[in-house]
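Encoded as structure tokens, the structure appears first; notes follow it.
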Amino acid sequence: MMDADVAPARGARGPALASVWADRLGFFVIWTLAGFALLLLIAPSLIVVMISFTETAYITFPPQGFTFEWYADLFSRQQIVESAVTSLRISLWSTTIALLLAVPAAFSLVRGRYPGKTFAGALIVAPQMIPGMVIGVALLFFGAYISFRQSDLMLVLGLTVFCLPFAVRLVMAQLQLLNPALEEASLSLGATKKRTFVQITLRQIVPAIVAGAAFVFIESFDNLTVALFTASPRARPLAVELYNLVQFDSSPMVAALSSLEILLAFVVMLVLGRTIGLERLAK
Amino acid sequence: MTEAFWTRFRDGRGVWPAVPAFVFLAIFFIAPMGVLFSFGFTEIERGQVQENGFTLRYLTDTLSDDLFWWVWWKSFYIGTLSTLLCFLLAYPLAYLYSESGRRMRLLILVLTISPLLTSAIVRTYAWLVILGGRRGVINSTLIELGLIERPFRMLNTDFAVIIGMTQVHLPFMVLPLITVLAARDRNMEAASLGMGASRLSTFFRIVVPLSMPGIVAGLTIVFALSYTNFIIPQLLGGGGFTTLAVQVYEQIVVILDWSKGAMLALLLLGSCFVFILMIGLAGNRVMRWSVKETVE
């Protein structure tokens with residue numbers, strides 16, 4: 001089946017006029033949608049950052065005046081500072097554990113030769129297919145079963161499960177890119193196996209490890225879906241605190257806190273861009 | 001350390017470097033999932049599992065409850081609409097990426113990845129600000145311009161939830177599409193154009209079918225995320241707004257009926273997998289059909 005405009009005969013004179021206009025209109029729609037998508041991606045964050053500087057006591061757009069008052073207010077609230085510290089501590093723990101588990105696992109999954117490797121790989125990235133809420137709920141119920149309560153430790157464990165697949169996949173991708181000739185050269189030039197491993201192999205995957213750490217850190221820091229079910233009610237992480245603030249506080253201070261989180265996201269993005277490149281992250 | 005140790009580590013020859021990760025997942029992921037599953041079929045009173053508590057009561061009660069089906073339909077419809085809207089916006093953007101130079105590509109990547117790394121609450125909060133009451137960005141702008149006199153009610157509607165989900169999940173749709181579109185084989189397009197097909201026809205008959213794997217990946221991820229999201233419906237949908245995922249949260253955290261919550265979570269997860277499978281199968285069908293269509 002072929003439409004008239006697909007027929008090859010017209011090639012020499014170019015397509016008919018009507019089809020040229022259809023083309024223009026069609027691509028006008030496509031580019032407009034693309035522009036709208038870009039706007040949708042950036043506008044919300046921009047608006048939040050803008051209103052965080054307003055001089056009014058309520059959120060308003062466009063913001064009026066310019067003040068850092070809300071940022072000062074933010075740091076004077078002990079509860080927020082404490083929950084930020086809690087989040088920081090928890091994220092550092094989950095990042096450390098996730099990487100300690102992920103790096104060796106990635107080696108095994110890329111370079112190992114054993115039956116059932118495909119299955120093993122699928123198992124390790126399985127948590128990625130389960131929503132954070134379900135991971136959190138499952139851990140909460142499991143804890144009830146063995147008398148293990150919601151706590152910082154439970155949250156760290158939940159976040160590690162949630163983030164492990166990202167870390168494993170980042171390191172695996174880097175390992176697959178390595179050129180084995182470099183390791184062979186090092187060995188044949190007389191380096192010991194240990195030295196070859198540390199100076200050649202490990203050094204080449206450092207970018208992926210750093211990127212993985214940055215990614216796991218920010219995912220843990222921002223996570224709400226696991227945290228709502230596993231975090232200790234006494235030491236609430238920042239994400240849970242922010243979740244409550246967003247619902248019940250209309251002060252621009254919430255926008256200031258949000259702006260700081262946006263800033264953190266940009267820092268992490270810079271790290272990712274410098275280590276493995278943003279294109280790689282797309283995969 | 002012996003030489004053999006380093007050789008084995010470097011070559012990863014064998015399972016053992018992955019064993020700690022397996023043990024960890026077995027204890028803190030597989031076992032909890034098993035407990036979750038069993039809780040859906042167990043009598044629990046005051047957080048205590050009862051003796052000989054196996055029951056199908058929660059399953060049959062839930063499935064025979066009209067409210068459950070209503071809530072399920074809401075989840076399905078919100079998830080589907082926001083996934084389609086995501087696709088409608090993401091595809092043109094990913095196509096723009098594939099047709100752009102280095103600088104534009106970097107800009108698109110930065111704008112796509114930065115929201116991905118920003119907390120979802122922050123981005124949902126932005127919608128509270130944009131859609132909210134009289135002082136919301138949209139209403140205040142429209143009033144200022146004299147286009148309307150009284151503010152529209154935008155917050156606490158289906159529309160608010162759908163637009164919020166679309167924005168929060170957009171990067172997950174854009175990234176897989178970017179991957180397939182940027183790497184696509186451009187010879188087929190050149191051939192199509194050379195044989196006299198219009199650009200638009202080439203776009204729909206060559207470019208779109210070629211990107212089918214990315215489309216399926218994007219639709220799958222975004223549907224799964226939208227279908228199971230309970231934060232955005234709670235924040236943008238208002239108090240009365242409920243979906244299956246919101247129900248899970250409320251049963252477990254507010255009402256503390258863990259068995260019912262576990263059953264709802266299992267049904268949420270199970271139905272999500274079924275839909276994902278259906279998207280995959282439909283994608284395969286379309287791919288085969290479009291290849292046949294083009295060849296014939």
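Computed from heavy atoms alone, side chains included, the values below leave out hydrogens, waters and symmetry copies. Protein chains get the first letters and strands the later ones, always in sequence-line order, with residue 1 at the start of each.
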Within this structure, what is the [atom1]-[atom2] distance for the pair [X] and [Y], rounded to the nearest 0.5 Å?
X	Y	atom1	atom2	result
A/L38	B/L111	CG	CG	5.5 Å
B/L36	A/F141	CG	CZ	6.0 Å
B/S38	A/Y145	OG	OH	6.0 Å
B/R105	A/L278	CZ	CG	13.5 Å
B/M33	A/F142	CE	CZ	13.0 Å
B/T118	A/I218	OG1	CD1	7.5 Å

Among the listed options [options], the residue most often paired with chain B at heavy-atom distances under 4.5 Å:
options	result
A/I130, A/N223, A/L46	A/I130
A/L263, A/L245, A/L224	A/L224
A/L25, A/L257, A/L140, A/L264	A/L140
A/A37, A/P127, A/S45, A/G273	A/P127

Which atoms of [X] are under 4.5 Å from chain A, going by heavy atoms: the side chain, the backbone, both sets, or neither?
X	result
B/F203	side chain
B/L268	side chain
B/A224	neither
B/V110	both
B/F273	side chain
B/P20	both
B/A217	neither
B/I276	neither
B/Y97	side chain
B/L96	both
B/F24	side chain

Legend entry - Partners meeting side-chain hydrogen bond (donor to acceptor under 3.5 Å, both in side chains) with A/E241 (sequence neighbours left out):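 Partners of A/E241 under the side-chain hydrogen bond (donor to acceptor under 3.5 Å, both in side chains) test: A/R236.
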Exercise: identify the closest heavy-atom pair between [X] and [Y]:
X	Y	value
A/A255	B/Y125	N-OH, 3.4 Å
B/L25	A/L123	CD1-O, 3.8 Å
A/A126	B/F29	CB-CE2, 4.2 Å
B/A21	A/I124	CB-CD1, 3.8 Å
A/D222	B/L117	OD2-O, 3.0 Å
B/A245	A/M133	O-SD, 3.8 Å

Inset, instruction - Give me the ring orientation class for B/Y249 and A/F229: parallel if the planes are under 30° apart, tilted from 30 to 60°, perpendicular past 60°. - result: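 Perpendicular: the ring planes of B/Y249 and A/F229 meet at over 60°.
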Give the member of [options] that has the highest number of heavy-atom pairs under 4.5 Å with chain A.
options	value
B/I121, B/L106, B/T112	B/I121
B/A262, B/P32, B/A94	B/P32
B/L170, B/N229, B/L116, B/T220	B/L170

Inset, instruction - List for me each residue that meets ring pair (Phe, Tyr, Trp, His ring centres under 6.0 Å) alongside B/F172, sequence neighbours excluded, and say none if there are none. - result: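 B/F172 satisfies ring pair (Phe, Tyr, Trp, His ring centres under 6.0 Å) with no residue once adjacent residues are dropped.
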Heavy-atom check, side chain of [X] versus side chain of [Y], under 4.5 Å:
X	Y	answer
B/L266	A/V134	no
B/I231	A/L228	yes
A/S108	B/W16	no
B/P17	A/V103	no

Legend entry - Donor-acceptor contact present, side-chain A/E261 to main-chain B/S119, <3.5 Å: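 No.
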Legend entry - A/F36 atom CZ, over 12 foreign heavy atoms within 6.0 Å: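 Result for CZ/A/F36: open.
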Side chain, backbone, both or neither: which part of [X] has a non-hydrogen atom closer than 4.5 Å to chain B?
X	answer
A/F27	both
A/F162	neither
A/I135	side chain
A/V168	neither
A/L164	side chain
A/L272	side chain
A/M129	both
A/A106	neither
A/V48	side chain
A/I47	side chain

Legend entry - Evaluation steps, ring-ring contact (aromatic ring centres under 6.0 Å, His included), between B/Y95 and A/W31: CA-CA 9 Å; B/Y95 183 67; A/W31 299 142; 5.7 Å; yes
Inset, instruction - Walk me through it: do B/F230 and A/T225 pass the test side chain to side chain contact (heavy atoms under 4.5 Å, CB included)? - result: CA-CA 8 Å; B/F230 64 103; A/T225 51; 3.8 Å; yes
